[in-house]
Amino acid sequence: MRVLTRNIKNLIKKYTGYHNPNLPDIKKLNLIQNLSKNKKFKNQKILIATSSGGLYPQLIFESILGIALDFKGADVEFLLCDGILPACIMCTTVNISEEELIKNGPKSLCSNCYFDGYNYLKKSNIKINKLSNFLLNNDKIKAKKICKRIKSKKIKNFIFDKIPVGNHAYAGALRYYATTDLDSEENGKKVLKKYFEASLLSKLSLDNFFEKKSYDLIIMNHGIYVPQGIINEYAKKKKYKIVTWFPWYRKRSYCFFRGDTYQKEYLTEKNSLWENLRLTKEKKDKLSDYLISRKTGKNDWRFYYENPSFDKDLFFKRYDIDKNKPIIGMATNVIWDAQIDYPKQFFNSILDWVFHTIKFFKKTPNMQLVIRVHPAEVTSDRKAKQKIAEEINKKFKNLPKNIIVIPPEDPISSYTIFENCNSAIIYASKIGIELCAAGTPVIVVGPGQIKNKKIAYDVNSYKQYNHILNQLPLSKKKYLNKHKILRAKKYAYHAFFRKPTLIKSVYLTEDRWPNISIDKNFYKILKRNKDPGLDFICDAILNEKQFINDKNEF
């Protein structure tokens, strides 16, 4: 059977050029030969640090971005890892076992990842740089020596030449296991060492890379983990201009950020960029329609429910919720996801916040706490190994009747839950944007996107959190009046319609992976400027403009 599978893969590779037959062929997308390039930006050198070719949706989008920037006259190059790292962002417990990762590294993944990435991007006729070309034997020896010398418990805070390589190594290991507790993993320390060595090698190869090459701008997806996080940190150290990007909620939409990752940039974005927005009836209706659609996910890239339930009466009955007592909602996050990239919070972790809140409600039987565990714990492609409900059960053997935990498997819509709450407490969940716009007061304890917007009740200390808990149930007049609801709607419109840009040249392919492809007439669209979103992004990149798009339709 293995031989048959291998033969099939080889045939696919022979006739498509890729291990994955669903990758589009750039050469066959109605290519118009000899495109006349704009020479205005011919001296602007841009590096697109794709890094991991196996991240297919990122690979596809960065290919059209690179081609578009090249067409508009920039000097564009790509950067790919070609299998030199002993661990990376591609590794999860789903696709490679601990034993194999520790013994051989991600070799079983590297051939597909690099081969597909390289053979796909080379058809763009844009230069591709490979990490291995900039890694010397002495660098490998140096990385091994450092890795051997530094104890596991010291890795997280290890800084090498002002680059926090240990931080990204630790984040990578957490992502691999989909947990926040490496100590509970039998091979956690060994896997962490693999990511630490990978971070060191990434940094050392970048030393040589940037010694020989120079760029005006570096573009990257994610900007965290290994190797993307190391590239991001290195670029900041060298004071290169940085643009990171991330696919946003709406189909075909992408958000771009300057200077750092989106997790950090959303917290520091100036309110003046949106608070004076004139919210016309047309805009209000557009926002309202979209927020309603969020309940079924029909306009979004992904949706966490297969068949969501909106039956609130059945929900109340199933969990024996008393409608006559105030209900306070709590929206959790997938606890391992990107948490290390957020600025340090006064709670050590999401679990500390959850436990602290439960202890308060145990002493407050006149109110009910409904904890909605994020559905992505079980519906994501990397199911969480460490689960909120299980951690709660370990900490509290028996919860009182007024504390209800809704497991991620429950099909009840989170919107149905929170619509029936007096208020909601969030850590970093983006649902806070929607709840405030809908008129539900929100208490934000962690690095939620709604924080620092003068909309939600921002909490920055234990004392402040205990104070607001003692104010529950909240008065809407005091904590979310009409003025704040209007402000919340302005920000929601900004977050969903102005900050992301719709790209016409890509489309969703729901029945296969990767889940996006490129319009077959891409080169015609490019030449005739028929993708206003792509043109907007290129213009903003090349002319250092804000990534805020007020003409965001096609």
Side-chain angles (χ1 to χ4, degrees), residues 55 57 89-98 171-182 184-185 188 225 247 249 294-298 300-312 314-315 318-319 321 329-340 349-355 357-358 369-396 399 403-418 421 424-432 434-435 446 448 508 510-515:
L55 295 174
I89 194 173
M90 293 301 300
C91 304
T92 71
T93 53
V94 175
N95 60 24
I96 185 167
S97 69
E98 295 171 279
L174 295 183
R175 185 179 188 275
Y176 170 77
Y177 282 111
T179 184
T180 61
D181 184 15
L182 285 182
S184 65
E185 302 297 335
Y225 302 122
Y249 289 106
R294 291 275 294 151
K295 296 179 181 181
T296 57
K298 69 177 183 179
D300 295 334
W301 283 113
R302 61 181 180 176
F303 189 56
Y304 294 112
Y305 306 86
E306 189 170 336
N307 293 297
S309 169
F310 303 98
D311 191 333
K312 68 176 182 179
L314 179 62
F315 167 68
R318 182 188 303 153
Y319 290 100
I321 297 173
M330 173 182 258
T332 69
N333 293 82
V334 178
I335 57 179
W336 63 267
D337 187 20
Q339 292 307 307
I340 203 162
S349 68
I350 290 177
L351 286 177
D352 285 345
W353 161 64
V354 171
F355 296 160
T357 310
I358 287 175
L369 176 68
V370 176
I371 304 172
R372 190 3 158 181
V373 179
H374 201 304
E377 277 198 357
V378 296
T379 59
S380 172
D381 58 342
R382 289 183 305 284
K383 295 181 180 180
K385 193 169 184 180
Q386 188 182 19
K387 298 180 172 64
I388 291 271
E390 291 176 1
E391 295 296 329
I392 290 173
N393 289 334
K394 289 179 191 175
K395 183 77 174 178
F396 306 95
L399 291 176
I403 300 174
I404 302 103
V405 179
I406 313 300
E409 299 87 357
D410 195 310
I412 185 69
S413 169
S414 296
Y415 298 100
T416 298
I417 295 174
F418 292 111
C421 291
I425 311 172
I426 67 169
Y427 190 81
S429 175
K430 294 178 183 64
I431 200 172
E434 300 162 74
L435 295 179
L508 191 64
E510 296 179 354
D511 58 338
R512 65 188 189 188
W513 186 256
N515 64 341

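These numbers come from the heavy atoms of this one structure, side chains and all, not from hydrogens, waters or symmetry mates.
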Measure the spacing between [atom1] of [X] and [atom2] of [Y] and express it to the nearest 0.5 Å.
X: I321; Y: F315; atom1: CD1; atom2: CZ; result: 3.5 Å
X: R175; Y: M90; atom1: CZ; atom2: CE; result: 8.5 Å
X: T357; Y: M330; atom1: OG1; atom2: CE; result: 3.5 Å
X: E391; Y: I350; atom1: CD; atom2: CD1; result: 12.0 Å
X: F310; Y: T416; atom1: CZ; atom2: OG1; result: 6.0 Å
X: I388; Y: I406; atom1: CD1; atom2: CD1; result: 13.5 Å

Do the side chains of [Y] and [X] get nearer than 4.5 Å, heavy atoms only?
X: C91; Y: I96; value: yes
X: L508; Y: W301; value: yes
X: P408; Y: T379; value: no

Quick one: is the NZ or CZ of R372 closer than 6.0 Å to the six-membered ring centre of F418, and within 45° of its axis?
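Judged by the rule, R372 and F418 form no cation-pi pair.
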What heavy-atom pair brings [X] and [Y] nearest, and what distance separates the two atoms?
X: Y249; Y: K430; result: OH-CD, 2.8 Å
X: W353; Y: A331; result: CH2-O, 3.5 Å
X: G188; Y: Y177; result: N-OH, 3.6 Å
X: L174; Y: D181; result: CD2-N, 4.3 Å
X: A384; Y: V334; result: CB-CG1, 4.5 Å
X: Y305; Y: I412; result: CE2-O, 3.5 Å

Parallel under 30°, tilted from 30 to 60°, perpendicular over 60°: which one fits the rings of F355 and F396?
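Rings of F355 and F396: perpendicular, over 60°.
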Would you indicate whether K385, at its atom NZ, is surrounded by more than 12 heavy atoms from other residues, nucleotides or ligands within a distance under 6.0 Å?
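Atom NZ in K385 is crowded, with more than 12 foreign heavy atoms closer than 6.0 Å.
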Are I431 and S414 close enough, and set up right, to give a side chain to side chain contact (heavy atoms under 4.5 Å, CB included), and what steps lead you there?
CA-CA 9 Å; I431 200 172; S414 296; 4.2 Å; yes
Looking at T180, is its backbone amide N or carbonyl O close enough to the side chain of Q386 to form a donor-acceptor pair, meaning the two atoms are under 3.5 Å apart?
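Pair found, side chain donor or acceptor close to backbone of T180.
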Tell me if a side-chain donor or acceptor on Y427 pairs with a main-chain N or O of V354 at a distance below 3.5 Å.
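Looks like no, no N/O pair under 3.5 Å.
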What verdict does the side chain to side chain contact (heavy atoms under 4.5 Å, CB included) test give for I371 and I392, after you've listed the backbone C-alpha separation in whole Å, the side-chain angles of each residue and the deciding distance to 0.1 Å?
CA-CA 11 Å; I371 304 172; I392 290 173; 4.1 Å; yes
Set of residues satisfying ring-ring contact (aromatic ring centres under 6.0 Å, His included) with respect to Y415, sequence neighbours excluded
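Per chain and number, Y415 pairs via ring-ring contact (aromatic ring centres under 6.0 Å, His included) with no residue.
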Just to verify, what does P407 make a side-chain contact (heavy atoms from CB on, under 4.5 Å) with, not counting sequence neighbours?
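Partners of P407 by the side-chain contact (heavy atoms from CB on, under 4.5 Å) criterion, ordered by chain and then number, come out as Y319, E409, D410.
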Can you see whether E98 engages Y176 through a side-chain donor-acceptor pair at a distance of less than 3.5 angstrom?
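Distance-only check fails for E98 and Y176.
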